[in-house]
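Position 1 is the first residue of the sequence, and the numbers go up from there.
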Amino acid sequence: ERITAQVSIGARGYGDFAVLYRTNAQSFAFERALLQHHIPYQLVGGTRFYDRKEIKDIVAYLRLLYQPNDRMSFSRIVNIPTRGIGATSLEKFLFWQNNSGIDIISALVNADQASTLTSRARGAMTQFGELLRTLQLMVERGTAPGEIIEQLVEKTGYRDYLLDGTPQAEDREANLGVFVSDAKSFATLPDFLEEIALMSSVDLARDEPKVTLMTLHAAKGLEFPVVFMTGMEDGLFPSARALEEGPRQLEEERRLCYVGMTRAREELYLSYA
């Protein structure tokens, strides 16, 4: 609202504003709010929330549960996490499913009838089908999307798949957490999928001044007339890790805070939830 007010009276342009935060997972709240207010934005040094791999994976699962003939979604998640279903088996299965005239989830449940598949592939597909059927029944019963995603992540082993020990694992888990909490504000899966479709389809490529969204780390060396530093609360900024690890790490967070504050040429807003 503050950005819109200043731009509408001609005091500022969209390119004068930057929103800084500690972790990439925080960007989603701002992406959504700016879209809702029709404010153009650019994400610097990060990927748009709905373009992140873990979000695309879970969205593909949800689309398949809602539209069990969605081949593109099925092909994306059939081996995420790994289920030992090879490319040849997948091709044979889809050919058989197409000829049988039943949807993908029903075909998976009945995969033992697909004679062209090896017994191992039939077993893996039947097991996967039964898992999807359980989740599909939740959708049919009108279970809230937040609960469906939590069950999905649990039953498919997706959380363990995410936590692979790489430095990015923590960020991915945080993104998933944001996604689940966002889903909780929707009553039904169709409503949530509609919102995702709207958010994913926005074209950010137009050549016009935009509000900049970025992490504090990415902001080093840049300056803006107006800076919003957000999420300034214990556990977020300073991060939970810094609070646990003691004075040296806390000092690092303080330095990062100074970096953020000195990005502002004229106005600086500090906020916390």
Side-chain angles (χ1 to χ4, degrees), residues 48-162 164 172 175-176 179-180 182-184 186-201:
R48 279 207 302 172
F49 189 79
Y50 280 114
D51 291 339
R52 293 171 193 171
K53 182 191 178 298
E54 56 279 9
I55 304 304
K56 287 173 104 167
D57 288 345
I58 300 301
V59 169
Y61 268 106
L62 296 176
R63 285 193 174 130
L64 181 61
L65 295 176
Y66 184 58
Q67 295 174 316
N69 263 324
D70 186 336
R71 278 194 168 207
M72 197 181 280
S73 293
F74 172 65
S75 298
R76 181 181 180 96
I77 52 89
V78 64
N79 262 318
I80 295 177
T82 309
R83 297 187 176 87
I85 299 168
T88 309
S89 297
L90 182 59
E91 202 177 311
K92 286 178 180 173
F93 167 77
L94 286 170
F95 182 76
W96 172 78
Q97 176 263 327
N98 195 39
N99 290 336
S100 66
I102 55 177
D103 67 65
I104 290 170
I105 295 178
S106 302
L108 285 168
V109 173
N110 294 293
D112 54 356
Q113 294 171 26
S115 56
T116 53
L117 294 174
T118 63
S119 59
R120 187 180 166 195
R122 287 202 295 265
M125 284 180 177
T126 306
Q127 197 177 353
F128 186 37
E130 283 165 358
L131 188 156
L132 291 175
R133 174 73 87 219
T134 308
L135 295 165
Q136 193 181 34
L137 289 171
M138 292 178 74
V139 176
E140 287 167 7
R141 284 198 300 268
T143 308
E147 199 178 321
I148 292 169
I149 298 167
E150 283 175 338
Q151 286 295 311
L152 192 162
V153 168
E154 204 59 47
K155 289 181 188 299
T156 59
Y158 193 84
R159 191 177 300 282
D160 295 333
Y161 165 77
L162 266 194
D164 56 3
R172 292 193 197 117
N175 288 334
L176 203 54
F179 188 58
V180 172
D182 183 54
K184 286 180 177 171
F186 291 84
T188 68
L189 186 60
D191 287 348
F192 186 48
L193 287 173
E194 198 175 312
E195 168 77 4
I196 291 169
L198 286 172
M199 288 280 290
S200 311
S201 64

Quick one, Ser106 with Arg133, criterion side-chain contact (heavy atoms from CB on, under 4.5 Å). Give me CA distance, side-chain angles, the key distance, then yes/no. CA-CA 8 Å; Ser106 302; Arg133 174 73 87 219; 3.5 Å; yes

Do side-chain atoms of [X] reach the backbone of [Y] as a donor and acceptor pair under 3.5 angstrom?
X      : Y      : answer
Asn79  : Ile85  : yes
Arg52  : Arg172 : no
Arg83  : Ala124 : no
Thr156 : Leu152 : yes

Evaluate the ring-ring contact (aromatic ring centres under 6.0 Å, His included) criterion for residues Phe93 and Phe128: first the C-alpha distance (whole Å), next the side-chain angles of each, then the deciding distance (0.1 Å), finally the verdict. CA-CA 13 Å; Phe93 167 77; Phe128 186 37; 9.5 Å; no

Nearest 0.5 angstrom please: [X] [atom1] to [Y] [atom2], how far?
X      : Y      : atom1 : atom2 : result
Met199 : Asp182 : CE    : CG    : 7.5 Å
Leu64  : Asn69  : CG    : CG    : 9.0 Å
Asn99  : Leu94  : CG    : CG    : 11.0 Å
Asn175 : Glu54  : CG    : CD    : 4.5 Å
Leu189 : Leu65  : CG    : CG    : 7.5 Å
Glu91  : Ser75  : CD    : OG    : 10.5 Å

So Tyr50 and Phe179, would you call those rings parallel, tilted or perpendicular, with 30° and 60° as cut-offs? perpendicular

Give the minimum heavy-atom separation between [X] and [Y], together with the two atoms involved.
X      : Y      : answer
Gly129 : Ile105 : O-CG2, 4.1 Å
Ser73  : Ala60  : CB-O, 3.3 Å
Lys155 : Leu135 : CD-CD2, 4.3 Å
Ala121 : Ser89  : CB-OG, 3.7 Å
Met125 : Ala111 : CB-CB, 3.8 Å
Gln97  : Ile102 : NE2-O, 2.8 Å

So does Arg71 have more than 12 non-hydrogen atoms from other groups sitting under 6.0 Å from CZ?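 Yes, the 6.0 Å shell around CZ holds more than 12 heavy atoms from other groups.
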
Could you tell me whether Gln151 atom CD has more than 12 heavy atoms of other residues or ligands within 6.0 Å of it?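 Counting other residues, nucleotides and ligands, CD of Gln151 exceeds 12 neighbours.
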
Could you check, using the six-membered ring where one of them is a Trp, whether Phe192 and Tyr66 have ring centers closer than 6.0 angstrom?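 Between Phe192 and Tyr66, the centre distance exceeds or equals 6.0 Å.
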
Heavy atoms, side chains only, cut-off 4.5 Å: are [X] and [Y] in contact?
X      : Y      : answer
Asp103 : Phe74  : no
Leu193 : Gln67  : no
Leu162 : Tyr158 : yes
Thr82  : Tyr161 : no

Under the side-chain contact (heavy atoms from CB on, under 4.5 Å) criterion, do Val109 and Gln136 qualify, and how do the steps go? CA-CA 12 Å; Val109 173; Gln136 193 181 34; over 6 Å; no

